[in-house]
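Heads up: the structure comes next, in C-alpha cells.
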Amino acid sequence: ILNHWGLWRAERGLEAGEKYRAAIGHFDQAVAAEPGDAEAWSRRAVVWINWAVLINRGGEDSRAQLERALADLDRAVGINPNDPETWTSRANVRTNLAVQAQARGEDPTGNYERAIADLGRALELNPERAETWTRRGEARSNWSVYRSARGEDVRSLLDEALADLLRATELNPRQAE
C-alpha cells in the first residue's frame, strides 16, 4: 500500500506541475504580447507562488519558483508602482524567501528588510488595509526570532511588530479572534 501511495502522490505532483507549467506558458504569451501589462506580470507571479506552495508542501525547495515570482512582481511594480496589492505580494514572496533562507541556516536579513520596506510602501498607498499591517507585523516578528537567536537586542523590532499587529486589530477587530 505504501508503494501505491507514493506512486499516487508522485503522479499527482507531476500532474500539478504540468498544470502550472501550462499556466505559466499562457502567461508567457500574455506578457510577450503586452509587456506593459502589470496585471499579467502579477498574475503570472501568483502562478509561480502557488506552485511554490505546492512544492513546499512536498518538502522540496521552492526557491526557484519564488525567485521567478519575485522577478515578475519587480516588473509589475516597475510598470505600476501605485498598486498596493503588488507591493504586498512582493513582500510576501520576500518573507517566504527569508523564512526559507533561515531554515537553511542562511542570513535572511536582506529579504526581511526589503519585505518590510515593500509593506511600508503598500501601507503608504493604502493605510486602511488590516492584512498589510498584519503581514508587516509578522515579518518583523519572524525577523526578530532570527536576530534574537544571534544574541541581538530585538526589543525595538518587537515593539514595531506589536504596533503593526495592534493597528491591524484596530482596523479589523475580527483579526483578534
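As the structure is a prediction and not an experimental result, all values here were calculated from the model.
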**Request:** For residues Gln100 and Asn56, determine if any side-chain heavy atom of one lies less than 4.5 Å from a side-chain heavy atom of the other.
**Result:** yes

**Request:** List the steps, then state whether side chain to side chain contact (heavy atoms under 4.5 Å, CB included) holds for Arg90 with Arg114.
**Result:** CA-CA 9 Å; Arg90 189 169 80 167; Arg114 289 186 291 276; over 6 Å; no

**Message:** Rounded at 0.5 Å granularity, tell me how far CG in Asn142 sits from CZ in Arg140.
**Reply:** 12.5 Å

**Complete:** Note: Thr86 and Ser42 closest approach over all heavy atoms is OG1-OG, 3.5 Å

**Worked check of side chain to side chain contact (heavy atoms under 4.5 Å, CB included) between Gln102 and Val145** = CA-CA 10 Å; Gln102 199 169 332; Val145 170; 4.3 Å; yes

**Request:** Mind checking side-chain hydrogen bond (donor to acceptor under 3.5 Å, both in side chains) for Asp61 and listing every partner two or more places apart, or none if nothing turns up?
**Result:** Arg63

**Request:** May I ask you to test the Asp118-Thr88 pair for a side-chain heavy-atom distance under 4.5 Å?
**Result:** no

**Set of residues satisfying side-chain hydrogen bond (donor to acceptor under 3.5 Å, both in side chains) with respect to Asn126, sequence neighbours excluded** = none

**Message:** Is there a side-chain contact between Val99 and Tyr112 in this structure, where contact means two heavy atoms from C-beta onward sitting under 4.5 Å apart?
**Reply:** yes

**Request:** With the side chain counted from C-beta on, respond yes when Trp87 and Thr132 share a heavy-atom pair under 4.5 Å apart, and no when they do not.
**Result:** no

**Prompt:** Say you draw a straight line from CG of Leu119 to CD of Glu131; how long is it, rounded to the nearest 0.5 Å?
**Reply:** 10.0 Å

**Message:** Can you tell whether the side chains of Asp164 and Arg135 come within less than 4.0 Å, N to carboxylate O?
**Reply:** no

**Neighbour count above 12 (heavy atom, 6.0 Å) for Arg104 CZ** = yes

**Pair Glu128 + Arg167: basic N to acidic O under 4.0 Å** = yes

**Request:** Following the transitive rule for hydrophobic clusters with a side-chain heavy-atom cut-off under 4.5 Å over Ile, Leu, Val, Met, Phe, Trp and Tyr, establish whether Ile49 and Tyr20 coincide in one cluster.
**Result:** no

**Partner set under side-chain contact (heavy atoms from CB on, under 4.5 Å) for Glu124, not counting sequence neighbours** = Arg121

**Prompt:** So, do Leu54 and Gln65 sit near enough that their side-chain heavy atoms are less than 4.5 Å apart?
**Reply:** no

**Request:** For side chain to side chain contact (heavy atoms under 4.5 Å, CB included), just list the numbers for Asp28 and Arg44, CA-CA rounded to whole Å, side-chain angles, deciding distance to a tenth of an Å, and then say yes or no.
**Result:** CA-CA 8 Å; Asp28 286 346; Arg44 187 171 76 173; 2.4 Å; yes

**Complete:** For Leu158, the other hydrophobic cluster members (4.5 Å side-chain criterion, sorted by chain and number) are Val154

**Message:** Checking Thr95 against Glu138 for the side chain to side chain contact (heavy atoms under 4.5 Å, CB included) test, could you report, in this order, the C-alpha distance in whole Å, the side-chain angles of both residues, the deciding distance, and whether it holds?
**Reply:** CA-CA 9 Å; Thr95 300; Glu138 290 171 346; over 6 Å; no

**With Glu60 via salt bridge (charged side-chain N to carboxylate O under 4.0 Å, His left out) - residues at least two apart** = none

**Prompt:** Quick one: does Leu165's side chain get under 4.5 Å of Thr134's, heavy atoms only?
**Reply:** yes

**Item:** Sequence neighbours excluded - side-chain hydrogen bond (donor to acceptor under 3.5 Å, both in side chains) pairs with any residue from residues 30-41
**Value:** Glu39-Arg43

**Item:** Student check: side-chain heavy atoms of Val93 and Trp48 closer than 4.5 Å
**Value:** no

